[in-house]
Amino acid sequence: MLYDVILIGGGVVGCATARELARYSLSVALLEKTEDICNGQSKANTAIVHGGYDAAPGSNKAKFNVRGNAMFERIAEELSVPFSRNGSLVVSFEESGIPALLALKQRGEANGVKGLSILGREALLAREPNLNPAAQAALDVPSGGIVCPYELTIAYAENAAQNGVTFFRDAPVTAVSRNADGTFLVSSPAGEFASRAVVNCAGVHSAELNNMVSEEKHSITARRGEYYIVDKAYRDAFHSTIFQLPTAMGKGVLIAPTVDGTILIGPTADDIPDKDDTRTTAEGLARVLSRAKLSWPGLPARAFITTYAGVRAHAETDDFILGEPADAPLFFNALGVESPGLSAAPALGEFLAQSVAERLGTAPNPAFDPIRPGIPKFRDMTDAERAEIIARDPEYAKIVCRCELVTEAEIRASIRRPVGARTVDGIKRRTRAGMGRCQAGFCLPRTLELLAEELAASPLSITKCGGESRYLESNLFSGKAGE
Ligand SMILES: Cc1cc2nc3c(=O)[nH]c(=O)nc-3n(C[C@H](O)[C@H](O)[C@H](O)COP(=O)(O)OP(=O)(O)OC[C@H]3O[C@@H](n4cnc5c(N)ncnc54)[C@H](O)[C@@H]3O)c2cc1C
């Protein structure tokens with residue numbers, strides 16, 4: 001089949017673009033390398049919807065950050081994704097940092113960020129009483145927000161699929177070339193695909209794909225960031241996202257509350273040779289801890305639930321590289337989309353889809369439905385709502401994940417949905433089962449059983465995250481390995 005558009009990469013940019021392309025009368029397929037969507041930068045970041053004060057005026061980062069930020073209320077409502085405008089504070093712990101705060105404010109205003117002001121010490125400590133009392137002043141960014149990055153990415157994908165986009169997972173693109181008629185041949189072990197246009201949203205691997213079709217070569221540096229996650233018990237410790245004003249000592253780390261009540265502490269920024277190396281290191285985490293204490297001296301190290309790392313796709317231009325290279329018409333790049341790429345994703349999806357639709361000369365899709373209903377969350381319901389939903393669906397009465405109060409009904413729904421979960425990590429990102437204090441110590445066996453049942457597969461074949469990450473070696477009672 002000849003598709004109108006093939007998207008490469010199922011991160012937040014690929015999935016947002018897929019959903020925005022579904023607004024047009026186009027046949028669209030998305031090819032994702034790994035076993036699930038949202039497995040790259042989009043799953044492991046700081047989950048902040050940045051205000052847009054940081055990027056250089058006139059850059060793509062600034063333009064798409066500010067536009068994306070303004071789109072979040074509508075997107076979150078249409079896709080049933082939790083989003084909060086909790087505000088960001090860039091804190092200076094030295095009086096000598098105040099001119100730098102003023103410069104950031106000016107830069108933000110040049111980028112079109114609204115409502116910026118400088119908070120003095122007293123107002124700052126009244127707003128965030130757990131902040132280090134050595135704080136002197138802060139840039140207050142009321143448009144700063146937080147969103148769940150995997151819920152957003154998955155919701156975009158589900159809505160795209162609802163509107164006709166086809167998703168192929170376990171489909172790493174190994175080559176892109178031109179057929180004699182000018183269409184693209186996109187090769188993958190999952191099959192050979194033909195398309196009129198290609199959109200490259202391959203994150204840390206986006207330069208490799210660009211370099212297959214264009215002489216305008218690019219390179220991506222993989223820059224890893226490591227984090228701790230603090231337990232929900234501390235959900236009220238901070239309300240705004242706390243940035244440290246960069247100093248001679250480094251960029252500083254963030255105290256970042258999440259929409260789910262945990263707090264993220266990090267990240268580091270270390271260039272690494274292996275673009276897919278998402279390991280945490282003792283040394284990196286030690287740096288996070290010591291720098292975080294500048295903002296939060298009472299940081300409860302015993303309340304850490306877990307650690308993680310994400311790898312940024314840093315382009316040589318230090319900016320997003322977007323659109324068609326001059327020598328590769330109808331090949332559209334979303335290359336080097338590092339931070340603020342999550343914040344910019346709604347605007348990037350809109351821009352890329354409009355660019356492709358214009359070049360292909362297509363009409364709007366009259367059947368496009370922008371609404372993606374979320375899976376009703378037992379943990380967010382009142383007692384009356386719980387009684388009502390259990391009466392309709394008794395599987396809402398069976399709690400699988402005690403830490404996050406996730407029910408069997410939610411887990412089954414996450415598997416049955418379009419672009420549904422196939423792995424334990426897939427369930428985790430769609431429902432939060434396994435994300436709590438015990439880190440799946442309790443719910444894993446039942447989650448595994450539910451996956452096997454819903455996918456009509458042997459429990460032995462169920463994996464954490466695809467490939468060889470199986471949990472079970474053999475059936476103890478059959479005595480035969482692999483049965
Ligand atoms: C540590 C860290 C912190 C960050 N914090 C923030 C933040 O707070 N706020 C913010 O706005 N942004 C933040 N970002 C940036 C943001 O996460 C990214 O800009 C955004 O997720 C990029 O999305 P993407 O879809 O372009 O890339 P990705 O999410 O990386 O997706 C790319 C996808 O392409 C797939 N792929 C790769 N090669 C191939 C291939 N050959 N064939 C098929 N598929 C392929 C990958 O498997 C992956 O799923 C952060 C990033 C990191 C790493």
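For clarity, every value in this text was computed on a predicted model and none was experimentally measured. Just follow the structure's listing: the first ligand is 1, and inside any ligand the first atom is 1.
By the 3.5 Å distance cut-off applied to N or O atoms, Gln41 is counted among the residues near ligand 1. At under 3.5 Å, a nitrogen or oxygen of Ser343, whether backbone or side chain, sits near a nitrogen or oxygen of ligand 1. In terms of polar-atom proximity, Ile48 is counted as a contact of ligand 1, with an N or O under 3.5 Å from an N or O of the ligand. Taking distance alone, with nitrogen or oxygen atoms compared against 3.5 Å, Asn45 approaches ligand 1 more closely than that limit. Some N or O of Val13 is nearer than 3.5 Å to an N or O of ligand 1, by distance alone.
Set against the non-hydrogen atoms of Gly203, the atoms of ligand 1 under 4.0 Å away are 27 (O), 30 (O), 32 (C). Using a 4.0 Å cut-off to heavy atoms of Ala47, the atoms of ligand 1 that qualify are 8 (O).
Counting heavy atoms under 4.0 Å from ligand 1, residue Glu338 touches it through the backbone alone. At a 4.0 Å heavy-atom cut-off, ligand 1 touches Val311 through the backbone alone. When heavy-atom distances to ligand 1 are checked against a 4.0 Å cut-off, Ala313 has no atom that comes that close, whether in backbone or side chain. Both the backbone and the side chain of Ser42 come within 4.0 Å of ligand 1, counting heavy atoms alone. The part of Leu31 lying near ligand 1 is the backbone, judged by heavy-atom distances below 4.0 Å. The proximity of His205 to ligand 1, defined as any non-hydrogen pair under 4.0 Å, is limited to the side chain. With a 4.0 Å cut-off on non-hydrogen atoms, Ala44 touches ligand 1 through its backbone and not its side chain. Under 4.0 Å from ligand 1, the heavy atoms of Ala171 that appear belong solely to its backbone.
Among all non-hydrogen protein atoms, the one lying nearest atom 37 (C) of ligand 1 is Ala202 O, 3.3 Å.
Using the six-membered ring where Trp is involved, Tyr3 and Phe168 have ring planes that are perpendicular, over 60° apart on the 30 and 60° scheme. Taking the six-membered ring where tryptophan is involved, the planes of Phe184 and Phe331 are tilted, since the angle between them lies from 30° to 60°.
Residues Val5 and Ser195 form no side-chain contact, since every pair of their non-hydrogen atoms from C-beta on lies 4.5 Å or further apart. Looking at heavy atoms from C-beta onward, Pro82 lies in side-chain contact with Lys377 at the 4.5 angstrom threshold. Residues Phe368 and Arg19 are in side-chain contact: their nearest non-hydrogen atoms beyond the backbone lie under 4.5 Å apart.
The closest approach between a heavy atom of Pro172 and any atom of ligand 1 is below 4.0 Å. The shortest separation from a heavy atom of Ser206 to ligand 1 is not under 4.0 Å, leaving the residue out of contact. Heavy atoms of Ala345 stay at 4.0 angstrom or farther from ligand 1.
Phe64 has its ring centre no less than 6.0 Å from the ring centre of Phe320.
The number of heavy atoms from other shown groups lying within 6.0 Å of CD (Gln106) does not exceed 12.
Checking Ile146, Leu152, Val147 one by one against Phe83, the side chain to side chain contact (heavy atoms under 4.5 Å, CB included) holds for a single residue, Val147.
In summary, the side chains of Ser206 and Asn200 do not present any donor paired with an acceptor at a separation below 3.5 Å, with no hydrogens or angles considered.
No side-chain donor-acceptor contact under 3.5 Å links Asp327 to the backbone of Ser214.
Remark: among candidates His314, Glu32, Lys33, Arg223, the nearest residue to atom 48 (C) of ligand 1 is Glu32, based on non-hydrogen atoms.
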